[in-house]
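For reference, positions follow the sequence shown, starting with 1. Counting starts at 1 for both ligands and their atoms, in listed order.
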Amino acid sequence: MKDKRTEADKREQDELKATCHIPGHIAIIMDGNGRWAKEKGLPRVGGHHAGVKSVRDAVEACAELGVNYLTLYAFSTENWGRPKEEVGALMSLLIHSLRKELKTLNDNNIRLHTIGNRDDLPDKVREELEQTIELTRQNTRMTLVLALSYSGRWDLTQAVKHIAEEVAEGRLSPDQIFAETISAHLSTRDIPDPDLMIRTSGEMRISNFLLWQLAYSELYITDCFWPDFRRPHLYEAIRSFSKRERRFGKVSEQLKPV
Ligand code: FPP
């Protein structure tokens with residue numbers, strides 16, 4: 001595999017790996033494409049097109065750093081309510097990007113996975129996704145999870161429905177329902193919870209993303225619009241994450257050996 005990193009970037013990554021705790025799972029709300037485009041006098045779709053470069057950069061850099069899972073919020077359940085033209089353009093962009101980036105995924109040994117209601121997606125998008133998932137199935141370095149037609153409430157609702165069915169069929173009793181039971185019925189069942197959640201464009205919300213899974217994730221919000229998000233922004237987020245003390249509800253003294 002050809003290493004496309006610059007010498008300076010390699011040095012920065014080495015420094016990060018030596019001095020920081022690299023998160024096992026990073027989740028990103030890629031926000032600000034529309035505002036980025038507006039600032040430049042472009043149609044909103046121009047922001048989404050420009051955002052694909054940031055996707056590629058983040059995916060490659062995460063794989064190089066040894067991140068195991070990268071989850072990108074690419075299209076929410078609520079995004080179906082956007083103007084028809086924008087939804088159509090996003091779906092076309094997805095098909096085009098999946099075709100174009102298959103080589104990047106395989107060159108970097110990255111497996112594609114999706115979460116969300118695949119039934120909502122146009123046939124062409126679903127077919128392209130299924131093909132890319134199949135063609136990257138054997139890759140082991142990192143899993144790229146695309147959240148498509150996804151929302152945390154959708155995920156919890158489908159989990160509750162499945163649990164209720166199991167109870168109704170007598171396969172599960174209510175006193176056997178624990179937090180782990182819910183986790184095991186979510187679309188992220190085989191994926192550890194995110195350690196770090198990054199949101200671009202400065203909004204202080206989680207916007208119906210991984211509502212259950214973000215319970216103890218560290219949050220990092222940057223003002224940068226998604227199309228401007230590059231490796232240095234990612235490295236800064238990881239540095240910030242690395243300085244945090246994750247107590248998971250305990251007190252400091254319980255975490256540090258005395
Ligand atoms: C949010 O910005 C962004 C989206 C809803 C779509 C994200 C899609 C991409 C980055 C491109 C394709 C993705 C892949 C995985 C190839 P916004 O439109 O809400 O921005 P605004 O808040 O400024 O209006």
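Taking every non-hydrogen atom of Gly34 and a distance limit under 4.0 Å, the qualifying atoms of ligand 1 come out as 17 (P), 18 (O), 20 (O), 21 (P), 23 (O), 24 (O). Within ligand 1, the atoms closer than 4.0 Å to a non-hydrogen atom of Met30 are 1 (C), 2 (O), 3 (C), 7 (C), 10 (C), numbered from 1 in the order shown. Proximity to Leu146 (heavy-atom distance under 4.0 Å) selects the following atoms of ligand 1: 15 (C). Using a 4.0 Å cut-off to heavy atoms of His48, the atoms of ligand 1 that qualify are 4 (C), 6 (C), 11 (C), 18 (O). Atom numbering of ligand 1 starts at 1 in the shown order; those under 4.0 Å from a heavy atom of Arg35 are 21 (P), 22 (O), 23 (O).
Looking only at atom types and distance, the side chain of Glu166 has no donor-acceptor partner in the side chain of His162 under 3.5 Å away. Side chains of Arg153 and Thr77: no donor on one and acceptor on the other come within 3.5 Å. Counted by atom type alone, Ser149 and Trp80 present one or more donor-acceptor pairs between their side chains at under 3.5 Å. Between Thr104 and Arg56, the side chains place no donor N or O within less than 3.5 Å of an acceptor N or O (distance only, hydrogens not considered).
Using a non-hydrogen distance threshold of 4.0 Å, Arg44 registers as a contact of ligand 1.
When the options Leu148, Val87, Ile95, Leu93 are ranked by their closest heavy atom to atom 12 (C) of ligand 1, first place goes to Leu93. In this structure, of Val59, Val55, Leu112, Ile29, the residue bringing a heavy atom nearest to atom 13 (C) of ligand 1 is Val55.
A salt bridge between Glu64 and Lys10 is absent, with no side-chain N of the basic residue lying under 4.0 Å from a carboxylate O of the acidic one.
Of the protein's non-hydrogen atoms, Asn33 ND2, 3.9 Å is the one closest to atom 9 (C) of ligand 1. If you check which protein heavy atom lies closest to atom 6 (C) of ligand 1, you get Ala74 O, 3.4 Å.
A single hydrophobic cluster is seen to contain both Ile95 and Phe75, as judged by linkage of ILVMFWY side chains at heavy-atom distances under 4.5 Å, directly or through other members.
Below 3.5 Å of separation, one finds no N or O of Asn79 facing any N or O of ligand 1. The distance criterion of under 3.5 Å between nitrogen or oxygen atoms is not met by Trp226 with respect to ligand 1. Considering backbone and side-chain atoms alike, Leu94 places every N or O at 3.5 Å or more from each N or O of ligand 1. At least one N/O-N/O distance between Arg82 and ligand 1 falls below 3.5 Å. Considering backbone and side-chain atoms alike, Trp36 places every N or O at 3.5 Å or more from each N or O of ligand 1. Considering backbone and side-chain atoms alike, Ser97 places every N or O at 3.5 Å or more from each N or O of ligand 1.
Hydrophobic clustering, defined by side-chain heavy atoms of Ile, Leu, Val, Met, Phe, Trp and Tyr closer than 4.5 Å, groups Ile177 together with Ile29, Tyr69, Tyr73, Ile115, Val145, Tyr150, Trp154, Leu156, Ile163, Val167, Leu172, Ile182, Leu186, Ile191, Met197, Ile206, Phe209, Leu210, Leu211, Trp212, Leu214, Leu219.
The OH atom of Tyr235 sits 3.5 Å away from atom CG of Asp9, with the distance rounded to the nearest 0.5 Å.
Residues satisfying the side chain to side chain donor-acceptor pair (under 3.5 Å) criterion with Thr181, sequence neighbours excluded, are absent altogether.
The closest side-chain heavy-atom distance from Phe225 to Lys38 is not below 4.5 Å.
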